[in-house]
Amino acid sequence: MPEPLGIRISGSGRALPSRVLNNQHFVDRLDTTDEWIRERTGILERRVVSPGESTATLATEAARRALENAKMTPADLDMIIVATITPECLFPSTACFVQQALGGPPVPAFDLAAACSGFIYGFVTASHLLREGSPYKNILLIGAETMSRITDYEDRSTCILFGDGAAAVILSSTPDVSRHALLHHRIEAEGSGLSMLAVPAGGSKLPASKMTIDERLHYVKMQGREVYKLAVKRNLELIDSTLAEAGVKPDDIALVIPHQSNLRIIESARQRLGLPPDRVFTNIQKYGNTSAASIPLGIDECRETGRIKDGDLILLVAFGAGLTWGSALLRI
């Protein structure tokens with residue numbers, strides 16, 4: 001079992017585009033129905049960026065709100081990490097765009113790509129960098145995505161799923177693991193499944209060309225049934241192993257905040273835990289799948305509404321492209 005790491009969430013904030021695409025938007029344009037979308041995904045609407053908005057603008061707005069919530073300034077930050085698969089550009093990192101926008105002294109800034117598991121990968125990375133004796137005391141961790149930029153709105157099997165958004169947390173080191181801590185974590189990947197969910201073109205393997213554009217290879221391609229089956233399987237295995245290794249019972253958990261990929265996947269996890277609906281957070285109805293942004297969006301909403309409070313045990317769990325998956329058990 002991993003050693004508990006003294007970590008607390010000093011502040012959080014979120015940013016969402018104002019433009020809303022409800023299910024009727026797709027019904028009017030594709031061979032689908034509102035009932036089919038709701039039944040298969042649980043999604044009612046999702047947010048998408050407008051011209052002038054981007055991953056960096058959303059990430060910066062979320063960061064500013066997190067700083068305000070923490071009563072900090074950019075000068076208090078020792079590092080910036082952005083979890084994203086829709087970066088501002090190939091390079092420099094989106095984190096550097098955020099750093100420029102926030103101002104403050106030079107600090108390390110980098111992006112982390114683990115798709116829908118990205119925030120948990122980032123949380124674990126930041127937590128280890130904040131260990132006792134480290135020069136880092138406060139790390140800004142952002143999950144930010146503009147999935148609409150890589151969504152094929154002619155592909156009815158995927159375009160209904162994704163939305164845009166960003167949320168940020170400021171993680172701070174603390175010596176008292178009895179009050180605030182990352183108690184257990186697990187991050188894993190299985191590269192043999194990488195073709196199940198991917199954007200094939202745009203990198204060094206398939207750089208942009210007339211062929212890649214004509215064949216729409218710069219958009220998300222997904223083997224939906226296979227991904228669904230593996231997501232259910234891995235999520236249940238992950239939850240079982242995390243609780244067993246941490247010596248925690250489902251009843252001890254105040255709230256589960258899962259990645260918002262599909263309501264049926266979330267429901268299967270809830271049923272496995274035997275928890276009532278109010279102890280498993282969902283916002284997929286409003287935002288769709290926002291990839292690395294979904295878990296921090298949930299954290300910020302729950303902190304704002306009081307659904308999580310000091311001393312609560314919180315379980316974060318995610319599964320994404322790569323294939324990647326991860327969990328984090330926190331004492332908030």
Side-chain angles (χ1 to χ4, degrees), residues 2 7 55 59 81-87 93-95 110-129 139 141-147 150 158 161-169 171 182 184-199 220 222-224 226-243 245 256-262 265-266 268-269 280-284 287-299 314-330:
I7 304 296
T55 298
I81 304 173
V82 176
T84 185
I85 54 169
T86 55
S93 70
T94 303
F110 62 91
D111 290 357
L112 187 155
C116 301
S117 308
F119 182 80
I120 292 180
Y121 269 60
F123 200 106
V124 171
T125 299
S127 297
H128 280 275
L129 288 168
I139 294 179
L141 172 62
I142 308 169
E145 303 283 16
T146 47
M147 295 299 294
I150 58 171
T158 59
L161 301 174
F162 300 109
D164 303 338
V169 296
L171 302 180
L182 173 59
H184 184 281
H185 62 271
R186 178 185 291 274
I187 51 175
E188 297 183 10
E190 185 176 9
S192 60
L194 59 86
S195 63
M196 291 184 184
L197 180 54
V199 175
V220 173
M222 181 171 68
Q223 299 172 25
E226 290 77 6
V227 171
Y228 177 85
K229 292 175 184 176
L230 271 175
V232 171
K233 180 175 183 289
R234 292 300 186 201
N235 268 325
L236 297 181
E237 291 174 350
L238 189 58
I239 289 168
D240 287 345
S241 63
T242 297
L243 297 186
E245 290 172 15
V256 179
I257 303 179
H259 165 55
Q260 306 291 302
S261 59
N262 182 296
I265 294 174
I266 295 171
S268 69
V280 178
F281 177 81
T282 61
N283 62 9
I284 190 172
Y287 306 137
N289 181 345
T290 56
S291 188
S294 73
I295 288 178
L297 281 169
I299 290 172
I314 306 299
L315 177 63
L316 313 179
V317 60
F319 177 90
L323 298 167
T324 61
W325 56 94
S327 65
L329 182 65
L330 318 175

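In what follows, every heavy atom counts, from backbone to side chain, and hydrogens, waters and symmetry copies are set aside.
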key: Among I85, D164, V220, the one residue meeting side chain to side chain contact (heavy atoms under 4.5 Å, CB included) with S291   =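 Among I85, D164, V220, the one meeting side chain to side chain contact (heavy atoms under 4.5 Å, CB included) with S291 is I85.
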
Who are the side-chain contact (heavy atoms from CB on, under 4.5 Å) partners of [X], not counting sequence neighbours?
X    : answer
I284 : I43, Q260, L263
V232 : Y228, L236, I265, S268
A95  : I80, V82, S93, A109, D111
A198 : none

Report the residues that fulfil side chain to side chain donor-acceptor pair (under 3.5 Å) with [X], sequence neighbours left out, ordered by chain and then residue number.
X    : value
T290 : none
S127 : none
N289 : H259
Y287 : E301

Partner residues of E188 under the salt bridge (charged side-chain N to carboxylate O under 4.0 Å, His left out) criterion, sequence neighbours left out =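 R186.
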
inquiry  = Run the salt bridge (charged side-chain N to carboxylate O under 4.0 Å, His left out) test against K233 and tell me which residues pass, sequence neighbours left out.
reply    =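 Listed in chain order: E237.
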
task = Over 60° means perpendicular and under 30° means parallel, so classify the ring planes of F319 and W325, tilted if in between.
result =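 The arrangement is parallel - the two ring planes meet at less than 30°.
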
